[in-house]
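Excluded from the calculations below are hydrogen atoms, water molecules and symmetry mates; all remaining heavy atoms, backbone and side chain alike, are included.
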Amino acid sequence: MIASLPMYDRDELRSDTDRLWQAIRDRLGCGPDHLTRGGDAWDEWQSPDLLLSQTCGYPYRARLHDKVALVGTPDYRLEGCGPGEYRSVFVARKTDARTDPADFATARFAYNEPMSQSGWAAPATWAMVRGFAFTDTLRTGSHQASARAVAEGRADLAALDAQSWRLMQRFDDFAAQLHVIAATEPTPALPFITAPSNDADRIFRAIEAAIGALPPDTLDALDLRGLVRLPPQAYLAVPTPAPPPA
C-alpha cells in the first residue's frame with residue numbers, strides 16, 4: 001500500500017506530517033509504516049495500491065476524478081475562506097508601487113505548474129473575469145520557488161496557495177520582502193484521495209479521529225483544524241482556463 005501527503009510536506013513539518021500519518025494508520029489498523037516521499041505523484045495518485053494521498057483540485061477534476069475515490073477535504077481555516085476552502089493570494093515585492101494584479105498583465109508572472117489550481121487556474125480565471133490575461137509567464141516548479149522568484153526580481157507577481165504562503169511567512173526569510181495585493185475567490189481545498197477499491201468513508205473517519213486525537217502543537221504546526229465532506233461536483237464545477245503561454 002502507498003500513503004503520501006505531499007502537498008504541504010516541508011522539511012520543517014515532516015515530523016508533524018509523520019505524526020498525522022501514524023495517527024491515521026493507527027485508526028485504520030493498516031497501511032505502510034512510513035509515508036512515501038520523493039516519488040512521482042501522478043504514479044502514486046493513480047496506483048491501485050494507493051491507500052491515501054493529497055492532490056490538487058485541478059488534477060482531480062482534469063484527470064483523476066474518475067480514477068480515484070474522494071475521501072475528504074482538510075480545513076485550514078484560511079482567511080476569507082469557508083470550511084474546506086482555500087484561495088490564491090497575489091504577492092508582489094513591497095518595493096513595487098503597483099497594487100492591482102491588472103497592472104501586472106504584461107509583467108513577468110511566476111507560477112508553479114500548469115495544472116495547479118492555486119498557481120495558475122485560479123489567477124488566470126480571476127484575470128479573465130476582469131478582462132485581462134497574464135502574458136509573460138515563468139514556470140518555477142513550486143509555490144516556494146515562485147515567491148522566491150518575485151523576491152529576487154526574476155518575476156514581478158505570483159499567485160500562491162494561501163496555506164503555502166502562510167507557511168512561507170513562518171519559515172522563509174524572503175517572504176518578508178513580499179506582500180499580498182489581492183486574492184482570488186475561494187475554491188475547494190486540496191482533497192485527500194484513495195484508490196477506488198478502498199472504503200473512502202472508513203478512511204474519512206480515520207482521518208477525522210486522528211485529527212481529534214493529535215496534540216494541539218501538531219495541529220497548530222500543520223494548521224489543520226478539521227475534515228470536511230465535499231461532493232466531487234464541488235471540484236468539477238470549478239472553471240478551467242487555457243494553459244499558460246509558457
Side-chain angles (χ1 to χ4, degrees), residues 4-17 37-42 54-59 74 76 78-81 86-127 132-184 187 189-190 220-224 241 243-246:
S4 63
L5 295 171
M7 287 302 173
Y8 303 117
D9 191 27
R10 293 182 58 118
D11 290 344
E12 300 92 341
L13 297 175
R14 286 200 168 187
S15 61
D16 298 290
T17 306
R37 289 186 167 104
D40 183 275
W42 284 103
Q54 187 176 19
T55 187
C56 174
Y58 192 166
Y76 299 105
L78 291 161
E79 182 181 355
C81 298
Y86 82 142
R87 61 181 180 174
S88 305
V89 291
F90 291 99
V91 297
R93 287 182 298 280
K94 290 179 177 178
T95 56
D96 194 317
R98 292 171 286 188
T99 59
D100 187 332
D103 297 333
F104 293 83
T106 59
R108 179 63 58 88
F109 177 82
Y111 69 98
N112 57 337
E113 298 289 342
M115 199 173 282
S116 168
Q117 174 59 31
S118 54
W120 176 251
T125 299
W126 189 93
F132 74 97
F134 297 110
T135 57
D136 183 358
T137 58
L138 172 68
R139 179 174 177 172
T140 66
S142 72
H143 286 299
Q144 190 178 24
S146 294
R148 187 184 294 276
V150 175
E152 295 176 352
R154 293 180 286 112
D156 299 299
L157 187 71
L160 311 174
D161 171 338
Q163 175 60 18
S164 294
W165 170 239
R166 178 191 270 172
L167 296 176
M168 285 180 229
Q169 291 176 287
R170 190 188 306 172
F171 296 119
D172 295 321
D173 291 341
F174 64 77
Q177 302 174 50
L178 307 174
H179 68 152
V180 174
I181 64 169
T184 66
T187 57
L190 286 67
D220 287 345
L222 299 173
D223 293 311
L224 187 56

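Residues Arg37 and Thr17 are in side-chain contact: their nearest non-hydrogen atoms beyond the backbone lie under 4.5 Å apart. Looking at heavy atoms from C-beta onward, Pro101 lies in side-chain contact with Ile181 at the 4.5 angstrom threshold. Residues Arg139 and Pro244 have side chains not in contact (no heavy-atom distance under 4.5 Å, counting atoms from C-beta outward). Within the 4.5 Å cutoff, no side-chain heavy atoms of Glu113 are placed close to those of Cys56. The closest side-chain heavy-atom distance from Met7 to Gln163 is not below 4.5 Å.
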Could you go step by step and tell me if Tyr8 and Asp223 meet the side chain to side chain donor-acceptor pair (under 3.5 Å) rule?
CA-CA 10 Å; Tyr8 303 117; Asp223 293 311; over 6 Å; no

Quick one, Val150 with Asp96, criterion side chain to side chain contact (heavy atoms under 4.5 Å, CB included). Give me CA distance, side-chain angles, the key distance, then yes/no.
CA-CA 10 Å; Val150 175; Asp96 194 317; over 6 Å; no

Asn112 vs Asp161, side chain to side chain contact (heavy atoms under 4.5 Å, CB included): CA-CA, chis, key distance, verdict
CA-CA 10 Å; Asn112 57 337; Asp161 171 338; over 6 Å; no

Go through it in stages, so that I can follow the logic: the residues are Tyr86 and Gln117, the test is side chain to side chain contact (heavy atoms under 4.5 Å, CB included), and I'd like the CA-CA distance, side-chain angles, deciding distance and then a yes or no.
CA-CA 10 Å; Tyr86 82 142; Gln117 174 59 31; 3.3 Å; yes

Arg148 and Met168: side chain to side chain contact (heavy atoms under 4.5 Å, CB included), yes or no, with the steps?
CA-CA 10 Å; Arg148 187 184 294 276; Met168 285 180 229; over 6 Å; no

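Residues satisfying the side chain to side chain donor-acceptor pair (under 3.5 Å) criterion with Ser146, sequence neighbours excluded, are Thr140. Residues satisfying the salt bridge (Lys or Arg N to Asp or Glu O under 4.0 Å) criterion with Asp136, sequence neighbours excluded, are Arg108. The side chain to side chain donor-acceptor pair (under 3.5 Å) search around Asp172 returns Arg10, Gln144, not counting sequence neighbours.
Once rounded to the nearest 0.5 Å, the distance linking CZ of Phe104 with OG1 of Thr135 reads 13.0 Å. Distance check, rounded to the nearest 0.5 Å: CG of Asp16 to CG of Leu13 gives 6.0 Å. Between the CG atom of Leu157 and the OG1 atom of Thr137 there is a distance of 12.0 Å, given to the nearest 0.5 Å.
Nearest heavy-atom pair, Leu138 versus Ala149, reported as atom, atom and distance to 0.1 Å: CD2-CB, 4.2 Å. For the pair Ala176 and Lys94, the tightest heavy-atom approach, listed with the atom from each and the gap, is O-NZ, 2.9 Å. Nearest approach of Tyr111 to Gly119, heavy atoms of both residues: CB-O, 3.4 Å. Scanning all heavy atoms of the two residues, the minimum distance from Tyr58 to Pro114 falls at CE1-O, 3.3 Å. Scanning both residues, Leu190 and Thr55, for their nearest heavy atoms gives CB-O, 3.1 Å. For the pair Ala175 and Trp165, the tightest heavy-atom approach, listed with the atom from each and the gap, is O-CH2, 3.7 Å.
In the displayed structure, Asp173 atom CG is contacted under 6.0 Å by at most 12 heavy atoms of other residues, nucleotides or ligands.
Aromatic ring pairs are classed by plane angle as parallel below 30°, tilted from 30° to 60° and perpendicular above 60°; the pair Phe132 and Phe134 is perpendicular. Ring geometry for Phe90 against Trp126 counts as tilted: the plane angle lies between 30° and 60°, on a 0 to 90° scale.
At least one donor-acceptor pair closer than 3.5 Å links the side chain of Arg166 to the backbone N or O of Tyr76. Between the Arg170 side chain and the Ala221 main chain, a donor and an acceptor come within less than 3.5 Å of each other. Judged by distance alone, with hydrogens and angles left aside, the side-chain atoms of Arg93 form no donor-acceptor pair with the main-chain N or O of Gln177 at under 3.5 Å.
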